[in-house]
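Comments concern the structure below.
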Amino acid sequence: MRILELTEETRSNILENLLKRSPNSYGEFEGRVNDIIENVRANRDAAIFEYTKKFDGADIHAGNILVTEEEIKEAYENVDPKLLEVIRKALVNIRDYHAKQRQFSWFDSEASGIILGQKVTPLEKVGVYVPGGKAVYPSSVLMNVLPAKVAGVDRIIMTTPPGKDGKICASTLVAAKEAGVDEIYKVGGAQAIAALAFGTESVPKVDKIVGPGNIYVALAKKAVFGYVSIDSIAGPSEILVLADETANPRFVAADLLSQAEHDEMASAILITTSKTLAEQVSKEIEGFVAELSRKEIIQKSLDNYGYILVAKDLEEAIATANEIASEHLEIVTANPFEVMTKIRNAGAIFLGTYSSEPLGDYFAGPNHVLPTNGTAKFFSPLSVDDFIKKSSIISYSREALEPVYKDIVQFAECEQLTAHANSIRVRFED
């Protein structure tokens with residue numbers, strides 16, 4: 001893994017290289033995605049059945065697109081009981097963490113007759129997209145569904161691509177049932193996003209779509225935004241480890257590779273104040289890559305988007321971490337909590353030697369759906385907030401309005417909105 005001295009030039013070059021991974025940089029796919037969306041919008045079920053046959057090799061029709069209770073029962077029979085136990089433990093942690101995020105309606109009243117407030121309402125229908133095919137992500141099911149359940153969403157609809165046999169992975173079905181999904185449909189890709197956004201004869205239209213996917217899914221979500229809400233347009237996974245000479249090089253190397261194995265566009269970066277640690281981590285990475293099952297993917301990820309940066313001091317390292325704004329940030333320093341107070345931009349922050357990134361992916365409780373490609377500068381992890389909306393409440397009595405009505409009239413007339421002014425004035429005509 002390449003070792004570079006951290007300078008203004010290297011930082012600028014790295015940031016430019018990382019931005020190439022953004023879904024916004026893949027315009028050549030947008031035409032194909034838009035064609036799929038328009039076809040589904042026009043031809044509805046017929047289009048999604050056609051695409052499912054073409055892309056997934058499965059014969060899906062109106063009679064089998066909806067997962068049945070029998071299929072879910074079969075999934076439970078095929079899942080390792082030990083895995084089911086782990087799913088249930090993780091579910092409790094994730095649910096309990098998100099329960100602390102709940103917001104409630106509030107009202108303030110004054111003796112003059114003014115009542116102001118905010119009404120918090122869960123979304124009615126939410127679509128959760130779960131990747132399928134070769135990938136199996138029951139953890140993504142839990143992370144996307146549980147905050148919606150905590151928020152009180154009425155109806156949670158999941159879509160996921162089937163295998164060639166028309167079936168869904170057993171662990172995905174079990175995780176969905178445990179989390180409380182209401183309906184599961186066998187459709188994936190951009191066609192699934194279009195079906196959720198506009199509705200078909202089989203798949204209901206939703207108010208919001210959440211969940212990760214490939215570039216086609218990401219661009220489809222971008223295209224339907226405005227017709228429905230979306231969580232975010234996710235890019236490839238990334239990790240940044242901020243470490244000093246106290247860090248364990250073997251642990252750091254293992255953590256970097258935990259994200260590099262996701263795909264060839266994943267990014268793994270170490271920023272350290274220790275040249276010795278940099279060299280030790282690079283050596284450990286060589287050893288790990290040689291024996292890990294996804295070594296071809298890992299190596300391409302490291303070749304394209306992997307860096308070990310040696311900073312002159314911790315302040316420079318922190319400044320660079322804030323500029324990169326990584327999806328996952330591990331702080332492995334002598335005093336990680338002190339360093340954490342200086343971090344402004346990160347999706348999830350992991351503190352200390354034993355807080356490895358996969359802990360957040362699977363089990364600890366905080367959401368693993370996180371902002372990528374520098375968007376942690378202005379986006380947050382998926383949360384209960386994503387599944388509610390807020391309405392302002394305003395109530396004035398005549399006695400409360402009378403002392404201020406002329407102020408409002410003046411404001412409206414300043415903006416030359418005479419009907420606005422009149423709406424207030426007529427209430428106090430002689």
Side-chain angles (χ1 to χ4, degrees), residues 23 33-34 36-49 51-52 60 62 64-68 72 98 120-132 137 140-162 168 172-173 175-177 179-214 216-234 367 369 379 381-391:
V33 169
N34 289 335
I36 291 171
I37 291 171
E38 289 307 312
N39 189 9
V40 172
R41 197 173 180 184
N43 297 303
R44 307 173 74 196
D45 268 1
I48 62 174
F49 299 154
Y51 287 128
T52 304
I60 299 299
N64 68 359
I65 188 172
L66 178 65
V67 172
T68 63
I72 294 173
H98 288 85
V120 175
T121 308
L123 300 184
E124 183 181 353
K125 286 183 290 186
V126 167
V128 175
Y129 184 86
V130 177
Y137 295 116
S140 283
V141 177
L142 300 182
M143 292 291 183
N144 283 277
V145 173
L146 288 170
K149 292 295 289 186
V150 170
V153 172
D154 294 351
R155 191 175 170 194
I156 300 175
I157 295 145
M158 191 176 102
T159 65
T160 187
I168 306 299
T172 298
L173 288 184
K177 181 67 174 179
V181 172
D182 296 295
E183 300 154 44
I184 306 169
Y185 293 90
K186 302 171 186 176
V187 56
Q191 59 272 23
I193 302 302
L196 291 169
F198 301 108
T200 73
E201 295 91 340
S202 297
V203 182
K205 178 185 178 353
V206 300
D207 302 312
K208 184 165 187 168
I209 302 171
V210 302
N214 61 18
Y216 288 94
V217 170
L219 290 175
K221 287 169 70 177
K222 179 182 176 182
V224 301
F225 177 65
Y227 296 101
V228 293
S229 178
I230 63 171
D231 51 351
S232 63
I233 304 168
N367 211 286
V369 180
F379 280 146
L382 191 72
S383 73
V384 171
D385 291 348
D386 286 286
F387 300 99
I388 62 172
K389 57 190 180 70
K390 303 168 186 176
S391 302

Hey, could you give me the [atom1]/[atom2] distance between [X] and [Y], rounded to the nearest 0.5 Å?
{"X": "Ile60", "Y": "Asp45", "atom1": "CD1", "atom2": "CG", "result": "11.5 Å"}
{"X": "Ile168", "Y": "Thr159", "atom1": "CD1", "atom2": "OG1", "result": "9.5 Å"}
{"X": "Ile233", "Y": "Leu219", "atom1": "CD1", "atom2": "CG", "result": "8.0 Å"}
{"X": "Asp182", "Y": "Lys149", "atom1": "CG", "atom2": "NZ", "result": "5.5 Å"}
{"X": "Arg155", "Y": "Ile157", "atom1": "CZ", "atom2": "CD1", "result": "4.5 Å"}
{"X": "Leu66", "Y": "Lys186", "atom1": "CG", "atom2": "NZ", "result": "8.5 Å"}

State, to 0.1 Å, how close [X] and [Y] come at their nearest heavy-atom pair, and which atoms those are.
{"X": "Phe49", "Y": "Ser202", "answer": "CZ-OG, 4.2 Å"}
{"X": "Ala148", "Y": "Ile156", "answer": "CB-CD1, 3.8 Å"}
{"X": "Asp386", "Y": "Pro381", "answer": "OD2-O, 3.9 Å"}
{"X": "Pro162", "Y": "Val187", "answer": "CD-N, 4.3 Å"}
{"X": "Met143", "Y": "Val369", "answer": "CB-CG2, 4.4 Å"}
{"X": "Ala190", "Y": "Val33", "answer": "CB-CG1, 4.3 Å"}

(request) Please step through side-chain contact (heavy atoms from CB on, under 4.5 Å) for the pair Val40 and Asn43, ending with a clear verdict. (result) CA-CA 5 Å; Val40 172; Asn43 297 303; over 6 Å; no

Any side-chain heavy atom of [X] within less than 4.5 Å of one from [Y]?
{"X": "Val126", "Y": "Val206", "value": "no"}
{"X": "Tyr216", "Y": "Ile193", "value": "no"}
{"X": "Asp207", "Y": "Lys389", "value": "no"}
{"X": "Val203", "Y": "Leu196", "value": "yes"}
{"X": "Asn367", "Y": "Pro147", "value": "yes"}
{"X": "Tyr137", "Y": "Pro212", "value": "no"}
{"X": "His98", "Y": "Phe387", "value": "no"}
{"X": "Asn144", "Y": "Val130", "value": "no"}

Donor-acceptor check, side chain of [X] to backbone of [Y], threshold 3.5 angstrom: yes or no?
{"X": "Lys205", "Y": "Ala197", "result": "yes"}
{"X": "Lys221", "Y": "Ala234", "result": "no"}
{"X": "Asp231", "Y": "Gly211", "result": "yes"}

(request) Could you give me the CA-CA distance, side-chain angles and deciding distance for Val67 and Ile72, then say whether side-chain contact (heavy atoms from CB on, under 4.5 Å) is met? (result) CA-CA 7 Å; Val67 172; Ile72 294 173; 3.8 Å; yes

(request) Please report the C-alpha distance between Tyr185 and Ile48 in whole Å, then the side-chain angles of each, then the deciding distance to 0.1 Å, and finally whether the side-chain contact (heavy atoms from CB on, under 4.5 Å) criterion is met. (result) CA-CA 11 Å; Tyr185 293 90; Ile48 62 174; over 6 Å; no

